[in-house]
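Working notes for the structure below.
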Amino acid sequence: MKNKWLWVLTLSGITIILLGILVTFPVADEIRSKFIRPDLVSIAIIFTGIFLSFSGITAISTEKFKTKAQKIEEEDERNIKINQYAKSKAFDLMSFLFGMGLLFLALLGYMNKVSFFFLIALYFISQLYFLYHNWLIKKAI
């Protein structure tokens with residue numbers, strides 16, 4: 001089942017790459033004219049497709065070439081705890097860097113109001129999600 005979704009991710013990335021290539025042709029001038037920077041639309045679409053495809057391909061190849069011992073070790077409780085601890089530290093760092101970067105860009109005037117408040121909302125949603133799961137875990141204990 002997991003491989004099925006990885007293939008869907010890879011194929012959707014390839015589809016997005018093809019869409020990005022299609023947008024570069026003069027036929028798609030009306031689509032590009034809807035954006036603020038029409039010259040960057042195709043680059044952004046192609047980059048997104050490459051990112052999705054690369055993520056799917058690397059995950060599929062990693063899963064395909066795992067030995068039975070590696071699969072058992074991956075499900076070891078100690079390794080799961082280590083991964084969870086590393087992810088929690090990465091979340092702490094990302095929260096700090098995101099807040100500082102947002103403040104830095106806003107103070108230097110590189111950000112408009114819409115993107116600023118949108119990113120602030122995303123930041124608060126991630127913090128609320130953290131607090132919610134923290135509450136669920138403490139409630140379960």
Minimum heavy-atom separation for Thr58 and Ser55, please, with both atom names.
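Heavy atoms only, the tightest pair is OG1-O, 3.1 Å.
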Answer yes or no: are there more than 12 heavy-atom neighbours, outside Glu30 itself, under 6.0 Å from its atom CD?
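Count not over threshold, so no.
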Could you see if [X] belongs to whatever hydrophobic cluster contains [Y]? Use Ile, Leu, Val, Met, Phe, Trp, Tyr and a side-chain cutoff under 4.5 Å.
X      : Y      : answer
Ile43  : Ile46  : no
Phe98  : Met100 : no
Phe116 : Phe124 : yes
Leu108 : Leu105 : yes
Phe104 : Leu93  : no

For the [atom1] atom of [X] and the [atom2] atom of [Y], what is their distance to the nearest 0.5 Å?
X      : Y      : atom1 : atom2 : result
Ile31  : Ile45  : CD1   : CD1   : 8.0 Å
Ser115 : Leu102 : OG    : CG    : 8.5 Å
Ile50  : Ile17  : CD1   : CD1   : 5.0 Å
Asn134 : Leu128 : CG    : CG    : 12.5 Å
Trp7   : Ser12  : CH2   : OG    : 12.5 Å
Ser53  : Leu11  : OG    : CG    : 8.0 Å

side-chain contact (heavy atoms from CB on, under 4.5 Å) with Val23: which of Asp29, Val41, Leu18?
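Exactly one pass, corresponding to Val41.
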Below 4.5 Å, heavy atoms only, C-beta onward: do [X] and [Y] meet side chain to side chain?
X      : Y      : result
Leu119 : Tyr123 : no
Leu52  : Ile16  : yes
Leu9   : Trp5   : no

Classify the angle between the aromatic ring planes of Phe47 and Phe51 as parallel (below 30°), tilted (30 to 60°) or perpendicular (above 60°).
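Ring orientation of Phe47 relative to Phe51: parallel.
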For Ser95 and Asp92, test the side chains for any donor-to-acceptor distance below 3.5 angstrom and give the result as yes or no.
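Their side chains do not contain a donor-acceptor pair, so the 3.5 Å distance test is not met.
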Please check if the side chain of Ser42 supplies one atom and the backbone of Ile21 the other of a donor-acceptor pair under 3.5 Å.
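No: the side chain of Ser42 does not pair with the backbone of Ile21.
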When Phe91 is tested against each of Phe130, Phe96, Tyr85, Tyr129 for ring pair (Phe, Tyr, Trp, His ring centres under 6.0 Å), which residue passes?
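Exactly one candidate clears the test, Phe130.
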